[in-house]
Amino acid sequence: MSTAIVCEKRIYNEVVTSHHHTHGQFLFPLHGSMDLKTDNHKIKLTPENCFYLAPYTDHVFHSVERNEFLVLDIPERMLPEKTGDMYENMDESWSAVKYLLMEEVKNAENPAALGNLTNYIANKIRTATPPSIEYINKNFRQQLNLETLAQIENYHPSYYSKWFKKQTGKSVKEYINKLRREEAEYMLTVTDWSVTRIAGEMDFENISSFTRWFVKNTGVTPHIFRELKKW
């Protein structure tokens, strides 16, 4: 079992390899790509993304082209409990992390700095919002489907449903309905918009379908809900 932080550059070859680690591992592609498969993901990892493998995650990988990866092995003791795979876009935040790790590789004589940076990265694992949930939180007014959400996480839809329930404590439908219901109630309470306009804002085809949905989720019609909130 690895108890030390390891940060180094690695090259992967065409040999198909399957194993797991007792530590967490972040992979930052520098150039080239790697084909990587876990129970939850099947991806070609390129410099546009980075990937976190949780401890004990079985994975299969190989590369058929020239490549170089920056790899950070994080001891399990430093990680939050029950972390899961993370497939992240290389945005400004993760690009900064990669740059700082590259600097630590160059200055290996300062292990304390690498330890502090690794703690910061471990905290990002704990607090990162999965991209599909972030997508729901931003787009819940629209009609969303399970296949699109699963694709964002690179999960099979059936697995995604189980994963989502574990993440949030609710089914996908329950989670979205709660956000939509709260938004509809808010608009009925604080605006003087017509119910027809609110139905349109919530991406319903017509007022009838919106009313049926609202009654199913609240027990009253939008008009009655608005009247009750006046008192």
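Index from 1, following the sequence.
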Of all residues at least two apart in sequence or in a different chain, which pass the side-chain hydrogen bond (donor to acceptor under 3.5 Å, both in side chains) check with Glu134? Lys138
Look only at the side chain of Asn206 and the backbone of Ser208, and say whether a donor-acceptor pair between them is shorter than 3.5 Å. yes
If I compare all heavy atoms of Glu104 with all of Leu114, which pair ends up nearest, and what's the gap? OE1-N, 3.7 Å
Are Pro55 and Thr22 close enough that some pair of their side-chain heavy atoms sits under 4.5 Å apart? no
For the pair Thr83 (side chain) and Pro80 (backbone), establish whether a donor and an acceptor sit closer than 3.5 Å, ignoring hydrogens and angles. no
Using a 6.0 Å cut-off, check whether atom NE2 of His223 has over 12 heavy atoms from anything other than its own residue. no
Does the distance from a Lys or Arg side-chain N to an Asp or Glu carboxylate O, for Arg180 and Glu183, drop under 4.0 Å? no
Would you mind telling me which of Tyr120, Trp94, Tyr87, Phe51 makes a ring pair (Phe, Tyr, Trp, His ring centres under 6.0 Å) with Phe26? Trp94
Checking Glu48 now: which residues fulfil side-chain hydrogen bond (donor to acceptor under 3.5 Å, both in side chains) with it, not counting sequence neighbours? Thr46
Would one find more than 12 heavy atoms of other residues, nucleotides or ligands at under 6.0 Å from atom OH of Tyr159? yes
Any heavy-atom pair between the side chains of Ile121 and Leu117 that's under 4.5 Å? yes
Same apolar cluster (I L V M F W Y, side chains within < 4.5 Å links), Phe28/Leu36: no
Please enumerate all residues that pass ring-ring contact (aromatic ring centres under 6.0 Å, His included) together with Tyr12, with sequence neighbours excluded. Phe61, Phe69
Within this structure, what is the CD1-CD distance for the pair Ile125 and Glu88, rounded to the nearest 0.5 Å? 9.5 Å
Heavy atoms, side chains only, cut-off 4.5 Å: are Asn49 and Pro29 in contact? no
Hey, what do you get for OG1 (Thr57) to NE2 (His21), rounding to the nearest 0.5 Å? 9.5 Å
Could you tell me whether the side chains of His156 and Ser158 share a donor-acceptor contact shorter than 3.5 Å? yes
After noting the C-alpha distance and the side-chain angles of Asn67 and Ile11, does the key distance pass the side-chain contact (heavy atoms from CB on, under 4.5 Å) rule? CA-CA 6 Å; Asn67 64 82; Ile11 295 172; 4.0 Å; yes
Any chance you could lay out the side-chain contact (heavy atoms from CB on, under 4.5 Å) test for His23 and Glu76, step after step, and finish with the verdict? CA-CA 5 Å; His23 54 267; Glu76 188 177 10; 5.8 Å; no
With rounding to the nearest 0.5 angstrom, report the OG to CG distance, Ser95 to Asn89. 10.0 Å
Taking every heavy atom of Ser171 against every heavy atom of Lys165, the minimum-distance pair comes out as N-CD, 3.6 Å
Evaluation steps, side-chain hydrogen bond (donor to acceptor under 3.5 Å, both in side chains), between Tyr155 and Ser132: CA-CA 11 Å; Tyr155 290 162; Ser132 66; over 6 Å; no
Please tell me if the side chains of Phe214 and Glu185 come closer than 4.5 Å, counting only heavy atoms from C-beta onward. yes
Look only at the side chain of Asn217 and the backbone of Trp213, and say whether a donor-acceptor pair between them is shorter than 3.5 Å. yes
Smallest separation among heavy atoms of Met90 and Pro47, with atom names: CB-O, 3.8 Å
Closest approach of Met187 and Trp193, non-hydrogen atoms and distance? SD-CZ3, 3.5 Å
Hey, can you pull the donor-acceptor pairs under 3.5 Å for the side chains in residues 143-150, sequence neighbours left out?
residue : atom : partner : partner atom : Å
Gln143  : NE2  : Asp203  : O            : 3.3
Asn145  : OD1  : Glu147  : N            : 3.3
Asn145  : OD1  : Thr148  : N            : 2.8
Asn145  : OD1  : Thr148  : OG1          : 2.9
Asn145  : ND2  : Thr148  : OG1          : 3.2

Check whether any side-chain heavy atom of Val195 lies under 4.5 Å from a side-chain heavy atom of Thr221, and answer yes or no. no
With side-chain contact (heavy atoms from CB on, under 4.5 Å) as the criterion, how do Phe225 and Thr189 come out once you've worked through the C-alpha distance, each side chain's angles and the decisive distance to 0.1 Å? CA-CA 8 Å; Phe225 178 87; Thr189 302; 3.6 Å; yes
Pairwise side-chain contact, Met78 with Thr118, heavy-atom cut-off 4.5 Å (strictly under): yes
Partners meeting side chain to side chain contact (heavy atoms under 4.5 Å, CB included) with Ser194 (sequence neighbours left out): Thr196, Arg197
Taken to the nearest 0.5 Å, the spacing of Ile43 CD1 from Met34 CE works out to 9.0 Å
Taking C-beta and beyond as the side chain, do Thr17 and Val60 meet within less than 4.5 Å on heavy atoms? no
In the structure I gave you, are the side-chain heavy atoms of Leu53 and His20 within less than 4.5 Å of one another anywhere? no
Between His19 and His59, is the ring centroid distance below 6.0 Å? yes
Please give me the minimum heavy-atom distance between Arg226 and Thr191, naming the atom from each residue. NH2-O, 3.2 Å
If you measure from CG on Leu72 to CD on Gln25, what distance do you get to the nearest 0.5 Å? 8.5 Å
Quick check for you: to the nearest 0.5 Å, what is the distance between Tyr99 atom OH and Leu70 atom CG? 13.5 Å
Between His62 and Val15, what is the shortest heavy-atom contact and its length? CB-O, 3.5 Å
Test of understanding: with side-chain hydrogen bond (donor to acceptor under 3.5 Å, both in side chains), list the residues that count as partners of Glu14, not counting sequence neighbours. none
Distance alone, cut at 3.5 Å: any donor-acceptor contact between the side chains of Glu65 and Ser33? yes
